[in-house]
Amino acid sequence: MLKIGLFKFSSCSGCQLSFLRLNEKLLDLVDKLDIAYWVMVSDNDVEDSYDVAFVEGSISTPEDIYSIKDVRARSKVLIAFGACASFGGLNSIRNYMVQKDVEKIVYGSSGALSVKSIISYPIDFYVDVDIYLGGCPPSLSDILEVIKASILGFKPRLPDYPVCVECKLSENECLLVNGEPCMGPIIRAGCGALCPSLGRTCEGCYGPQADPNPNSLADKFREIGLSEDEILCRLRKYAGMHRDFRGIAKL
Amino acid sequence: MSVVGSMNTFIADLHDLDRLVEVARSRYSVYAPVRRGRGYVFSKIEGMSDTDLRYNRTILPPTKIFHRPKEVLLRFQLADGPEFGEVVEVEPMMIFGVHACDLNAILRLDRFFTRRFEDPYYLARRRGSVVVALNCNGPRDEYCFCASLGTGPTVYGGYDILLTEVRDRMFLVEAGSEIGANLIDEARFRRASMSDMEAKKAVASTAKREFRRYADFRSLSYPVIEVLAHTVWDEEADKCFSCGNCSLVCPTCYCYEIYDTLDMDLNSGFRVRRLDSCQLYGYAEVALGGNFRKSRKARLRHWMVCKFGGAAGGELSSCVGCGRCIFYCPARIDITSVASRLREAV
Ligand code: SF4
Ligand code: SF4
Ligand code: SF4
Ligand code: SF4
């Protein structure tokens, strides 16, 4: 039995919902999987140890720092589950604004007084992470791959090549060549080139590919007419906190 | 009045070709270039109205039909003594409207996949197939450069049927095999006249003179220091995304990777082959994280030198001048301009 826990930090719960969407696929694993902690579906108490912890969300309050270290201490394998946990995600776009202003916008002048928030960091700013599952949310096939690999005790096979590979193998036209600001060349595959296959540009939710070249993509975006602001927004949207993008996303 | 055409040369308009497709469809799945957005893809067609014989190039080359971008090679199950079952997906196929560059690429892959070992998956699909080639009356657009590599624009062999547009949407039809001859026979085309055949010769001789893109890869395929240490590689690598698009769309790039996927019962599963690219970081990765081509520059250089004919595939993986990698490179990296920079140095 593989004992797993699902934990949530600053996030929208969409990654956990994806876990639920595995539906009957999880039934095949009922005798191999013990979902010991998952607030969304049961009120089990926290246990001393977990084989695998799926952690959703970024770290954005002082309490979060304490909790993520606690989860780490209890878990043999820790998975950064989704874009927020892996790279800061959408939450991290507030890092580029003055903290007090953000608090006022979100909670109003009076509510803001009781809020203690800090820079929104991916969880690996505070603890070691064993496996990163990018995506907003991660694809079901990637989730299944890590579950299967964890049960069998081997390294999951997750793509580290760019979205363009899945896009070209699906024989899509290239949006970027046609002058649309697709992030595909610098973003990790896994989604099956979902957006480009529907004629929409890749927004970057899987985070950086193995060896990205964001400087060249910024040049390309300039060439097709994006403003400096628009370029920054695209680079910051999901993974501006990642070391591969930080320099050019200008934190 | 010219009545004596050649015995096996015919003339056909689009209606006549429609009959050919209809005859073929009783035995084959017919694949031809079909519009997708601003591009084209080889897909199944039901008649000539589905295809456009004036297409410039397809996104993936027709080699994808034999060497699939992704395919299941075998199924297995592990418990109670392992069992394996080969999975070969075959259907009799006609590939309709193949340009000279792409036909030459198919002929190279034929040799590559039978060189030392026979690739049963490739061959099962290729052996039963029929190729209808289509001559080009000049470069299809500014990206074509087959003429300087001797791989087009005119086809010389390797086809079952060959089409040449000799007048506006009138095609000279020649058989190149018995299967081709029989299909033409059943489609009941009119015999070509002497002037039709003269027209084909005229098309071929003007076609090759109209190219404005030029490439000469000879002397660039040897690992000489002037090529390998040239500054052009640094400049181009600064732009390159390592996205792999160039090699994934290349008709002579055949590199693939193989991996296993387990079903949810963790017992049965299947083995997959997927097109790979030497431009990707993971391509040259080995156990314990070692990597033979860590830098983007090394990967870009490796790919181009392979296309010059300098890698293990030699001539079989070298460029046929189809222009895809130039058109589909989001960074606008151009193998022909890199080659001319290099040639100044050797
Ligand atoms: S559309 Fe986007 S993902 Fe697809 S090949 Fe072009 S840049 Fe890459
Ligand atoms: S490269 Fe040559 S053979 Fe290929 S499409 Fe262009 S003109 Fe035709
Ligand atoms: S290297 Fe480029 S031009 Fe040459 S065959 Fe490959 S895709 Fe076509
Ligand atoms: S040369 Fe162009 S298409 Fe090829 S990997 Fe580099 S950026 Fe991508």
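Excluded from the calculations below are hydrogen atoms, water molecules and symmetry mates; all remaining heavy atoms, backbone and side chain alike, are included. To find a chain, count down the sequence lines: A is the first, B the second, and so on, and within it residues start at 1.
When heavy atoms are compared at a cutoff of 4.5 Å, B:L60 approaches chain A by way of both its backbone and its side chain. Only the side chain of A:I151 comes within contact range of chain B, with at least one heavy atom under 4.5 Å from a heavy atom of that chain. Heavy atoms of B:V249 lying under 4.5 Å from chain A belong exclusively to its side chain. Heavy-atom distances place no part of A:P214 under 4.5 Å from chain B, backbone and side chain included. Within the 4.5 angstrom heavy-atom criterion, atoms from both the backbone and the side chain of A:L217 approach chain B. Both the backbone and the side chain of B:L262 come within contact range of chain A, judged by heavy atoms closer than 4.5 Å.
One finds the CG atom of B:L266 at 10.5 Å from the CD1 atom of A:I147 (value rounded to the nearest 0.5 Å). B:L275 CG to A:L169 CG: the interatomic distance, rounded to the nearest 0.5 Å, is 6.0 Å. A distance of 6.5 Å separates CE of B:M264 from CG of A:L26, quoted to the nearest 0.5 Å.
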Distance-only check: which donor-acceptor pairs of chain A and chain B lie under 3.5 Å?
unit_1: A:K148; atom_1: NZ; unit_2: B:L262; atom_2: O; d: 2.5
unit_1: A:R157; atom_1: NH2; unit_2: B:E257; atom_2: OE1; d: 3.4
unit_1: A:R157; atom_1: NH2; unit_2: B:E257; atom_2: OE2; d: 2.7
unit_1: A:Y161; atom_1: OH; unit_2: B:R274; atom_2: NH1; d: 3.0
unit_1: A:S170; atom_1: O; unit_2: B:R36; atom_2: NH1; d: 3.3
unit_1: A:E171; atom_1: O; unit_2: B:R36; atom_2: NH1; d: 2.6
unit_1: A:E171; atom_1: OE1; unit_2: B:K64; atom_2: NZ; d: 2.6
unit_1: A:E171; atom_1: OE2; unit_2: B:L60; atom_2: N; d: 2.8
unit_1: A:E173; atom_1: OE1; unit_2: B:R38; atom_2: N; d: 3.1
unit_1: A:E173; atom_1: OE2; unit_2: B:R38; atom_2: N; d: 2.9
unit_1: A:Q209; atom_1: NE2; unit_2: B:F241; atom_2: O; d: 3.2
unit_1: A:D211; atom_1: O; unit_2: B:R296; atom_2: NH2; d: 2.9
unit_1: A:D211; atom_1: OD1; unit_2: B:R296; atom_2: NH2; d: 3.1
unit_1: A:D211; atom_1: OD2; unit_2: B:R299; atom_2: NH2; d: 2.6
unit_1: A:P212; atom_1: O; unit_2: B:R296; atom_2: NH2; d: 3.1
unit_1: A:N213; atom_1: ND2; unit_2: B:D238; atom_2: O; d: 3.0
unit_1: A:N213; atom_1: ND2; unit_2: B:C240; atom_2: O; d: 2.7
unit_1: A:S216; atom_1: OG; unit_2: B:K239; atom_2: O; d: 2.5
unit_1: A:K220; atom_1: NZ; unit_2: B:P330; atom_2: O; d: 2.8
unit_1: A:E223; atom_1: OE2; unit_2: B:R332; atom_2: NE; d: 2.9
unit_1: A:E223; atom_1: OE2; unit_2: B:R332; atom_2: NH2; d: 2.9

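The shortest non-hydrogen separation linking A:V165 to B:L248 is CA-CD1, 3.7 Å.
Here B:P330 is the residue among B:P330, B:G39, B:P69 with the most heavy-atom pairs under 4.5 Å with chain A.
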